[in-house]
Amino acid sequence: MFADLKDRLVLVTGGSRGIGKGIVSHLLDAECKVVFTYQNNGKAAEDIVDAARHQGAQCWAYQADVSDPDRSRTIVDNIEKDHGPIYGLVNNAGINNDKSFLTMPQDLWTRVIDTNLNGAAYLSQAVMMKMLPRKQGKVVMMSSVSGMQASPGQSNYSASKAGLIGLTRTLSHEVARYNIQVNAVAPGFIETEMVAGMSEKMRSQIPRIVPARRMGSVDDVAKSVLFLLSGAADYITGHTLVVDGGLST
Ligand code: NDP
């Protein structure tokens, strides 16, 4: 479907599970070279790499905490040294740690902002510095509808996801003349471990609050990410693509 992505090197953060794993799988189907990161789940990462190599695909996994700026810089240097120029970056890694804002301990606030927003900023800077002289590249931020509308109990998460939309817009202008496109995807409810803790009551309300009457799948999100990485999106930048079955409209 996205033939122009063949042989491109794409870096995906948080590729060991959920949406990131789905993105990795779709990129491998498009015959990309894929590097993905994970934080703790080494076994899951190893299984993905083994399965990909078994199919003859080129796939590598690196352990890296995205909230560590030094690690972001060294990992990007190492990836380019070992595997060639990075064409696309997907800042997918993210966490939620929900609690009412007024009683939220500071470390809960900091951890979520550090991972979701600062992590994407550190890696984007490191990768875009490499893309700039090549005058080519695509960056996709994984935002959320929680960054676009009120989401009580998720002040840290929604602030981080709204921050990513602002970062996307501003970065897109700073690098547009270098033929680098920066866009965001804002999923609604997607069936992954992140939403596994959702109460049965909330789950039963999905058909009422989501016009598509179902939760989204990782494939729904992955396909939109591949579109934004592909040549079909060469003149799209600073945009947030909402993938929510109509939830936020
Ligand atoms: P999961 O919890 O299923 O997976 C999270 C991934 O991020 C894992 O690969 C995890 O690695 C990695 N990760 C977490 N923290 C770090 C870190 N500090 N450094 C590096 N990697 C890290 O999440 P989802 O797949 O559901 O979500 C993926 C993205 O999509 C997130 O940004 C999320 O906010 C966003 N999103 C999700 C929605 C949903 O409904 N699921 C809706 C809207 C947005 P490891 O396996 O090693 O722990």
Side-chain angles (χ1 to χ4, degrees), residues 11-26 34-49 61-72 75-76 89-98 107-108 110-124 126 139-149 151 154 156-165 167-168 184-198 202-203 206 209-210 212 214-222 224-225 228 240-245 247-248:
L11 168 58
V12 181
T13 64
S16 48
R17 290 188 277 130
I19 293 171
K21 182 178 176 185
I23 295 168
V24 168
S25 164
H26 279 257
V34 183
V35 176
F36 70 88
T37 67
Y38 61 94
Q39 187 176 28
N40 299 311
N41 223 325
K43 176 72 175 78
E46 201 180 299
D47 289 347
I48 294 168
V49 170
Y62 287 68
Q63 195 286 329
D65 180 349
V66 290
S67 65
D68 176 347
D70 293 333
R71 179 78 177 125
S72 289
I75 201 179
V76 169
L89 166 66
V90 184
N91 283 305
N92 165 77
I95 55 168
N96 62 340
N97 246 313
D98 301 349
D107 72 304
L108 234 63
T110 312
R111 209 178 316 143
V112 171
I113 300 286
D114 272 352
T115 303
N116 298 4
L117 178 58
N118 295 345
Y122 301 144
L123 209 56
S124 297
V139 176
V140 179
M141 311 285 186
M142 194 57 67
S143 181
S144 165
V145 293
S146 300
M148 304 170 65
Q149 60 185 30
S151 189
Q154 290 201 304
N156 48 0
Y157 185 77
S158 69
S160 72
K161 295 299 182 181
L164 284 175
I165 293 173
L167 182 65
T168 297
V185 170
F189 293 112
I190 308 298
E191 193 76 69
T192 70
E193 280 175 45
M194 188 176 271
V195 296
M198 186 189 276
M202 183 67 193
R203 211 169 259 276
I206 297 284
I209 59 177
V210 180
R214 65 169 176 91
M215 287 184 70
S217 67
V218 296
D219 289 338
D220 290 322
V221 182
S224 66
V225 171
L228 290 173
T240 298
L241 181 54
V242 179
V243 184
D244 70 349
L247 171 68
S248 62

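Order of appearance sets the numbers: ligands from 1, and atoms from 1 within every ligand. Basis for what follows: all heavy atoms, side chains included, without hydrogens, waters or symmetry-related copies.
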Check: [Y] and [X] side chains under 4.5 Å, non-hydrogen atoms:
{"X": "Arg214", "Y": "Glu191", "value": "no"}
{"X": "Ser72", "Y": "Leu123", "value": "yes"}
{"X": "Met202", "Y": "Ile209", "value": "yes"}
{"X": "Met215", "Y": "Val210", "value": "no"}
{"X": "Val225", "Y": "Met142", "value": "yes"}

Please indicate whether any nitrogen or oxygen in [X] is less than 3.5 Å from any nitrogen or oxygen in ligand 1.
{"X": "Asn40", "answer": "yes"}
{"X": "Gly14", "answer": "yes"}
{"X": "Val195", "answer": "no"}
{"X": "Ser67", "answer": "no"}
{"X": "Asn41", "answer": "yes"}

Original post:
Does the side chain of Ser217 pick up a donor-acceptor pair with the side chain of Asp219 at under 3.5 Å?
Top reply: no

Original post:
Roughly how far apart are Lys43 NZ and Ile48 CD1, rounded to 0.5 Å?
Top reply: 10.5 Å

Original post:
In Å, rounded to the nearest 0.5 Å, how long is the span from OG of Ser143 to CE of Met148?
Top reply: 7.5 Å

Which residue and atom name correspond to the protein heavy atom nearest [atom], and how close is it?
{"atom": "atom 25 (O) of ligand 1", "answer": "Ile19 N, 2.8 Å"}
{"atom": "atom 21 (N) of ligand 1", "answer": "Ala93 CB, 3.6 Å"}
{"atom": "atom 29 (C) of ligand 1", "answer": "Asn92 O, 3.1 Å"}
{"atom": "atom 42 (C) of ligand 1", "answer": "Gly188 O, 2.9 Å"}
{"atom": "atom 34 (O) of ligand 1", "answer": "Tyr157 OH, 2.5 Å"}
{"atom": "atom 1 (P) of ligand 1", "answer": "Arg17 NH1, 3.6 Å"}
{"atom": "atom 43 (C) of ligand 1", "answer": "Pro187 O, 3.4 Å"}
{"atom": "atom 15 (N) of ligand 1", "answer": "Gln39 OE1, 3.3 Å"}

Original post:
Picking from Val90, Leu167, Thr168, Leu89, what satisfies side chain to side chain contact (heavy atoms under 4.5 Å, CB included) with Val139?
Top reply: Leu89

Subject >> Option passing side chain to side chain contact (heavy atoms under 4.5 Å, CB included) with Ser146 (candidates Pro187, Ser248, Ser151, Ser160) >> reply: Ser151

Should the proximity of [X] to ligand 1, defined as any heavy atom under 4.0 Å, be assigned to the side chain, the backbone, both, or neither?
{"X": "Ser143", "result": "backbone"}
{"X": "Ile95", "result": "side chain"}
{"X": "Thr192", "result": "side chain"}
{"X": "Thr115", "result": "side chain"}
{"X": "Ala64", "result": "backbone"}

If we ignore hydrogens and angles and just use 3.5 Å, is the side chain of [X] paired with the main-chain N or O of [Y] as donor and acceptor?
{"X": "Lys21", "Y": "Ala45", "result": "no"}
{"X": "Thr115", "Y": "Gly94", "result": "no"}
{"X": "Asn116", "Y": "Ile95", "result": "yes"}

Original post:
Is ligand 1 less than 4.0 angstrom away from at least one heavy atom of Lys161?
Top reply: yes

**OP:** Tell me which one of Ala196, Gly42, Gly94, Gly18 gets a heavy atom nearest to atom 5 (C) of ligand 1.
**Re:** Gly94

Subject >> Ligand-residue contact atoms, ligand 1 with Ser144, heavy atoms, under 4.0 Å >> reply: 43 (C), 44 (C)

Original post:
Should you measure from each heavy atom of Asp65, which atoms of ligand 1 turn up under 4.0 Å away?
Top reply: 17 (C), 18 (N), 19 (N)

